[in-house]
Structure formats: C-alpha cells, structure tokens
Chemist: 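What follows is a structure written as structure tokens; I'll ask about it next.
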Amino acid sequence: MKELYENYAKNTITQMQAIFTSIFILQNRFGTAYEKEQDDLTIKQWLLLTMVQICPKPHTLTNVSVYMGCSRQNTKQLAMALSKKGYVRLILGEGNSVNIELTEKLGEYEKRMGGKHEEILRLLFSDFTEKEISLFYQLYKKLYTGVERIEKGQK
C-alpha cells in the first residue's frame with residue numbers, strides 16, 4: 001500500500017484514484033481479516049444482519065438491499081444462506097415480497113462475538129484520535145453524497 005500511495009501522491013486526481021482504488025482493496029482485506037476472527041458468518045452475511053437491525057420495517061429483501069447498496073438478488077442469496085444457518089427466517093409478505101425476520105440465534109452470536117467485534121474496531125482505529133475519527137466520519141458521509149450523485153447520473 002505504501003507504494004500505491006507514493007505513486008498516487010502526485011496531484012489531486014491521482015490521490016482521488018488512490019482513495020477510490022484503496023476502498024476496494026480495504027474491502028477485500030477487511031473481509032479476509034474479519035472472517036479469520038469470527039466463527040460462523042462471512043462479512044457480507046454480518047452486514048445483512050446489521051442492516052436488517054437498522055432498516056425500517058418492513059424488512060423486505062428489497063428494502064434491506066437498498067440499505068446494503070447491493071442488488072435484491074445478492075441480498076436474497078445472503079438471506080438464504082443465513083436462513084440455512086438459522087440466523088433468519090424468510091417469510092412471504094404482501095404482494096409476494098419476502099420479509100427477513102431475525103432469529104434468537106443472532107442474539108447468541110452477538111453475546112459470543114460482541115466483545116470480539118469491539119476489539120477489532122479498537123485495533124482498526126488505534127492510530128486515530130477521537131477528533132480524527134470524527135473528521136473521517138464526516139468525510140465519509142461526503143463520499144456517500146458523491147456516490148448518490150453518480151447513482152442519479154448527475155454531472
């Protein structure tokens with residue numbers, strides 16, 4: 001990564017390219033590192049469970065996929081795998097929608113892994129001050145605004 005940042009440090013455009021590229025690299029590295037530390041879920045399965053918890057009801061495949069930023073089909077595949085593992089139930093809703101209902105097994109998982117997840121976050125951000133984390137959070141929100149512009153086809 002040091003080489004990547006040295007090569008892209010030349011100007012604002014190349015720095016933006018480095019940030020864009022590194023988001024995907026970090027995603028892969030987060031997934032690999034996370035899955036070494038936990039015992040039953042992939043990072044994408046964990047993300048789905050987290051999004052169901054914060055997504056307004058009804059927790060349909062469509063609604064949750066919007067929160068996850070992925071297709072309904074990807075969400076369905078993840079939900080089906082989680083159903084087989086006993087973390088969710090898939091229930092037919094209104095108009096052929098499919099609702100995701102969390103099971104008690106998620107609570108057991110959270111009791112078992114909650115401390116580990118907090119430990120991972122503390123390790124990940126151990127080089128940041130609280131002020132830097134707050135700034136990073138604000139900058140990341142701006143990045144989401146940029147993605148929304150792209151999604152809407154704005155120039």
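Atoms considered below: every heavy atom in the structure, side chains included; atoms not considered: hydrogens, waters and symmetry mates.
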Chemist: Which heavy-atom pair separates K85 from L41 by the least distance, and what is that distance?
Modeler: NZ-CA, 4.2 Å

Chemist: Provide the closest heavy-atom pair for I91 versus E101 in the form atom of the first, atom of the second, distance.
Modeler: CD1-OE1, 3.3 Å

Chemist: Any donor and acceptor pair, going by atom type alone, linking the side chain of T14 with main-chain N or O of N11 inside 3.5 Å?
Modeler: yes

Chemist: Provide the closest heavy-atom pair for E37 versus M113 in the form atom of the first, atom of the second, distance.
Modeler: O-CE, 3.4 Å

Chemist: Measure the CG-CG distance between L49 and L78 for me, rounded to the nearest 0.5 Å.
Modeler: 9.0 Å

Chemist: Do other residues, nucleotides or ligands put more than 12 heavy atoms under 6.0 Å from the CD atom of E94?
Modeler: no

Chemist: Sub-3.5 Å donor-acceptor pair from the side chain of E132 to the main-chain atoms of T129, do we have one?
Modeler: yes

Chemist: Taking only Lys NZ, Arg NE, NH1 and NH2, and the carboxylate oxygens of Asp or Glu, determine whether E108 and R112 approach each other closer than 4.0 Å.
Modeler: no

Chemist: Does L121 belong to the same Ile/Leu/Val/Met/Phe/Trp/Tyr cluster as M51, with side-chain heavy atoms less than 4.5 Å apart forming each link?
Modeler: yes

Chemist: Is there a path of hydrophobic side-chain contacts, each under 4.5 Å between heavy atoms, that joins I54 and L106?
Modeler: yes

Chemist: Is any side-chain heavy atom of K141 less than 4.5 Å from a side-chain heavy atom of T145?
Modeler: no

Chemist: When you measure from the side chain of T21 to the backbone N and O of A18, does any donor-acceptor pair fall under 3.5 Å?
Modeler: no

Chemist: In Å, rounded to the nearest 0.5 Å, how long is the span from OG1 of T32 to CD1 of I43?
Modeler: 9.0 Å

Chemist: Look at the side chain of E118 and the backbone N and O of G115, then say whether any donor-acceptor pair between them is shorter than 3.5 Å.
Modeler: no

Chemist: Taking all atoms of both residues into account, what is the closest heavy-atom pair of A79 and I100, and its distance?
Modeler: CB-CD1, 4.3 Å

Chemist: Closest approach of G86 and K105, non-hydrogen atoms and distance?
Modeler: O-CB, 3.5 Å

Chemist: CZ of R72 to OG1 of T60: how many Å apart, nearest 0.5 Å?
Modeler: 7.5 Å

Chemist: For the residue pair F20 and F24, does the interplanar ring angle fall in the parallel (under 30°), tilted (30 to 60°) or perpendicular (over 60°) class?
Modeler: perpendicular

Chemist: Which distance, rounded to the nearest 0.5 Å, do you find between the OG1 of T12 and the CD of Q17?
Modeler: 11.0 Å

Chemist: If the test is side-chain hydrogen bond (donor to acceptor under 3.5 Å, both in side chains), which one of W46, Y87, Y109 qualifies with D40?
Modeler: Y87

Chemist: Looking at CD of Q77 and SG of C70, how far apart are the two atoms once the value is rounded to the nearest 0.5 Å?
Modeler: 9.5 Å

Chemist: Just jot down the salt bridge (Lys or Arg N to Asp or Glu O under 4.0 Å) partners of E35, sequence neighbours excluded, or say none.
Modeler: none

Chemist: Check for a donor-acceptor pair, side chain of S126 on one end and backbone N or O of L123 on the other, with a separation under 3.5 Å.
Modeler: yes

Chemist: Donor-acceptor pair, N63 side chain versus C55 backbone, under 3.5 Å?
Modeler: no

Chemist: Flag yes if I19 and Y144 sit in one hydrophobic cluster, no otherwise; membership is Ile, Leu, Val, Met, Phe, Trp, Tyr, and two members link when side-chain heavy atoms are under 4.5 Å apart.
Modeler: yes

Chemist: Of all heavy-atom pairs between N99 and P58, which one has the smallest distance, and what is that distance?
Modeler: OD1-CB, 3.8 Å

Chemist: Contact between L143 and I23 at the side-chain level, heavy atoms closer than 4.5 Å - yes or no?
Modeler: yes

Chemist: Report yes or no: do L102 and M80 belong to one cluster of Ile/Leu/Val/Met/Phe/Trp/Tyr joined by side chain heavy-atom distances under 4.5 Å?
Modeler: yes

Chemist: Count the heavy atoms belonging to other residues, nucleotides or ligands that lie under 6.0 Å from CD of E130, then report whether that count exceeds 12.
Modeler: no

Chemist: Return the set of residues passing ring pair (Phe, Tyr, Trp, His ring centres under 6.0 Å) with F30 (not counting sequence neighbours), or none when no residue passes.
Modeler: none

Chemist: Between atom CZ of F128 and atom CZ of R122, what is the distance when rounded to the nearest 0.5 Å?
Modeler: 15.0 Å

Chemist: Which residues pass the ring pair (Phe, Tyr, Trp, His ring centres under 6.0 Å) test with Y137, not counting sequence neighbours?
Modeler: none

Chemist: Report whether V147 and I25 are members of the same hydrophobic cluster (ILVMFWY, side-chain heavy atoms less than 4.5 Å apart, transitive linking).
Modeler: no

